[in-house]
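First up is the structure itself, then whatever we jot down about it.
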2 protein chains.
Amino acid sequence: MESPRWLREEEQRAWRAYIRMHGQLTALLNRQLQADSGLSLADYGVLVELTDTPDGRLRPFELQRELQWEQSRLSHHLTRMQRRGLISREECPEDGRGAFVVLTDAGREAITAAAPGHVEAVRSLFFEGLTPEQVAALERLSTQVTARIETAAGDCADPA
Amino acid sequence: MESPRWLREEEQRAWRAYIRMHGQLTALLNRQLQADSGLSLADYGVLVELTDTPDGRLRPFELQRELQWEQSRLSHHLTRMQRRGLISREECPEDGRGAFVVLTDAGREAITAAAPGHVEAVRSLFFEGLTPEQVAALERLSTQVTARIETAAGDCADPA
DNA sequence: GCGGAATGGATGACGTGTCATGTACGTTGT
DNA sequence: ACAACGTACATGACACGTCATCCATTCCGC
């Protein structure tokens, strides 16, 4: 505790570069998506998950597991998407507490229209500047960190 | 345009892993910072910039350049930080339009108290899981992408 | 100097995210 | 059977971020 173990200089630089990169990247992606199709990245994520299921319907808790969102964030966001007609909610017969989130036709059209432009933006802003080795390294790095984070979070929630 | 050039599978995986990692990471860092010191990551960023100057004062547009924030976001955030007593605003003598953002004593105390815990969280959640090569690779990758993004953004703002 | 453009900054409206809490239903143990 | 607990989800309050817009001042060409 005496000396709080600052970051080494390379770590500082890497951290700042990373934070800056992510901020710029998501800002641009969000703007592109919003301008071209009226969707946010958050909307896009929800719609992708729904589109990935055969019948375009999921329980909120399944969506939550996939997106790794807070429950209340998801609930609020679904309310807003419902208001805009992108999804609808239905009751769940086999669990009186539960619900279903259902992709509407408008929702399916929106994601279908938005996807090509978004994918193209991700590619041109991000992947086209990287070598395959860098892409592989990024995946490894992200996976390692995520694993580390999840054990850390588990520790404080479930301290055996 | 005919076929919208989807991402390759490795890219898909890397992208999803990256998005997931970043979400979890910032969520945890934000929570830790908030719980331990009542600051958000945004507050922290502003206070760091101010602390990095000799007299703890900056023009808003300088802050904006460093943080790469939207101008109105900065303005709103400064208003909130001012309301909480972390900073104050002063008039700028040599430019009648301008202003100064000044670190208050409370602001300096807050960042001083918050920094060790935050740095430790960044280290333990992020850097301790990575090799020096990975850190270096991350910095290169981030720098490359940022450069790419900035030329792209420049292009559409200033199309010669 | 004067009119127009550019710059520094603030603000209101509105969508978004978090925390704390509420509610209703299911599950489990006795 | 019923109390206790857990799970699925919603909600209100409030902080945060973006967009469009506004105001004041400075800069620049004439």
Side-chain angles (χ1 to χ4, degrees), chain A residues 22-24 26-35 37-46 57-65 67-102 157-158, chain B residues 22-24 26-35 37-46 57-84 86-102 157-158:
Chain A
H22 185 87
Q24 309 257 101
T26 53
L28 273 188
L29 289 177
N30 230 323
R31 245 189 288 275
Q32 177 270 331
L33 198 54
Q34 188 73 47
S37 59
L39 297 177
S40 66
L41 283 175
D43 300 331
Y44 190 87
V46 171
R57 62 172 51 220
L58 280 173
R59 298 285 300 270
F61 76 91
E62 298 176 300
L63 262 173
Q64 191 190 342
R65 184 163 30 75
L67 296 170
Q68 300 274 128
W69 283 5
E70 296 217 353
Q71 182 267 322
S72 80
R73 172 184 179 186
L74 179 60
S75 186
H76 280 301
H77 204 86
L78 291 176
T79 300
R80 294 187 291 254
M81 290 181 74
Q82 183 176 21
R83 194 160 51 223
R84 293 192 286 149
L86 297 169
I87 59 156
S88 64
R89 293 201 234 223
E90 289 180 11
E91 288 189 3
C92 176
E94 61 264 11
D95 188 336
R97 305 163 293 182
F100 271 113
V101 181
V102 188
D158 177 6
Chain B
H22 186 86
Q24 310 257 104
T26 53
L28 272 187
L29 289 177
N30 230 323
R31 245 189 288 275
Q32 178 270 332
L33 199 53
Q34 188 75 46
S37 59
L39 298 177
S40 66
L41 282 175
D43 300 331
Y44 191 88
V46 171
R57 63 170 52 217
L58 280 174
R59 299 286 300 271
F61 77 91
E62 298 175 301
L63 264 173
Q64 192 189 340
R65 184 162 30 76
E66 296 307 315
L67 297 170
Q68 300 275 124
W69 284 5
E70 296 217 353
Q71 183 268 322
S72 80
R73 171 184 179 186
L74 179 60
S75 187
H76 281 302
H77 203 88
L78 291 176
T79 300
R80 293 187 291 256
M81 290 181 72
Q82 183 176 21
R83 194 161 50 223
R84 292 191 288 148
L86 297 169
I87 60 155
S88 64
R89 293 201 234 223
E90 289 180 12
E91 288 188 3
C92 177
E94 61 265 9
D95 188 336
R97 304 163 293 183
F100 271 113
V101 181
V102 188
D158 177 6

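Chain letters run A, B, ... following the sequence lines, proteins first, then strands; residues in each count from 1.
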[X] side, atom [atom1]; [Y] side, atom [atom2] - distance, nearest 0.5 Å:
X       : Y       : atom1 : atom2 : value
B/Leu33 : B/Leu41 : CG    : CG    : 5.5 Å
B/Gln34 : B/Gln32 : CD    : CD    : 10.5 Å
B/Ile87 : B/Arg80 : CD1   : CZ    : 11.0 Å

Rounded to whole angstrom units, what separation is found between the [atom1] atom of [X] and the [atom2] atom of [N]?
X       : N      : atom1 : atom2 : value
B/Arg80 : C/dG17 : CZ    : C1'   : 12 Å
A/Trp69 : C/dT18 : CH2   : P     : 10 Å
B/Arg73 : C/dT16 : CZ    : P     : 16 Å
B/Gln71 : C/dG9  : CD    : P     : 8 Å
A/His76 : C/dC14 : NE2   : P     : 19 Å
B/Leu78 : C/dG9  : CG    : C1'   : 10 Å
B/Arg65 : C/dG9  : CZ    : C1'   : 16 Å
B/Gln34 : C/dA20 : CD    : C1'   : 14 Å

> What do the steps show when you test B/Gln82 against B/Val101 for side chain to side chain contact (heavy atoms under 4.5 Å, CB included), and what is the final call?
Replying inline: CA-CA 9 Å; B/Gln82 183 176 21; B/Val101 181; over 6 Å; no
>> For the backbone of A/Ala99 and the side chain of A/Arg59, can you confirm whether one donor and one acceptor N or O come within less than 3.5 Å of each other?
In response: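 Flag set: sc A/Arg59 to bb A/Ala99 pair under 3.5 Å.
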> Which sits closer to the 5' end of DNA chain C, B/Thr79 or A/Gly96, going by the nucleotide each is nearest to?
Replying inline: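 Mapping each residue to its closest nucleotide by heavy atoms, the 5'-most match is B/Thr79.
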> Starting at the 5' end of DNA chain C and moving along, which residue's nearest nucleotide shows up first, B/Ser75 or A/Glu70?
Replying inline: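 This one resolves to B/Ser75.
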Report yes if the side chains of [X] and [Y] come closer than 4.5 Å at any heavy-atom pair, otherwise no.
X       : Y       : result
A/Ser40 : A/Asn30 : yes
A/Asp43 : A/His77 : yes
A/Arg89 : A/Thr79 : yes

>> Using a strict heavy-atom distance below 4.0 Å, which residues from residues 82-94 of chain A are in contact with DNA chain D?
In response: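 DNA chain D contact set from residues 82-94 of chain A: A/Arg89.
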For a quick check of understanding: with a heavy-atom distance under 4.0 Å over all strands, which category does [X] fall into, base, sugar-phosphate or nothing?
X       : answer
B/Asp95 : sugar-phosphate
A/His77 : sugar-phosphate
A/Arg31 : sugar-phosphate

> What do the steps show when you test B/Thr26 against A/His22 for side chain to side chain contact (heavy atoms under 4.5 Å, CB included), and what is the final call?
Replying inline: CA-CA 11 Å; B/Thr26 53; A/His22 185 87; over 6 Å; no
Less than 3.5 Å apart, which donor and acceptor atoms pair up between the side chains of residues 63-75 of chain B and the rest of the protein, not counting sequence neighbours?
{"from": "B/Gln68", "atom 1": "OE1", "to": "A/Arg20", "atom 2": "NH2", "distance (Å)": "3.0"}
{"from": "B/Gln68", "atom 1": "NE2", "to": "A/Gln24", "atom 2": "OE1", "distance (Å)": "2.6"}
{"from": "B/Glu70", "atom 1": "OE2", "to": "A/Arg31", "atom 2": "NH1", "distance (Å)": "2.7"}

> With nearest nucleotides of DNA chain D determined for A/Pro60 and B/Ser40 from heavy-atom distances, which residue corresponds to the more 5′ nucleotide?
Replying inline: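 In this pair, the answer is A/Pro60.
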> If you walk 5' to 3' along DNA chain D, what is the first nucleotide with an atom under 4.0 Å of a heavy atom in chain A, and what is the last?
Replying inline: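 The footprint of chain A covers D/dG6 to D/dC19.
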>> What's the closest nucleotide to the side chain of B/Arg97 if the choices are C/dT16, C/dA6, C/dC19?
In response: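 Within the option list, the nearest is C/dA6.
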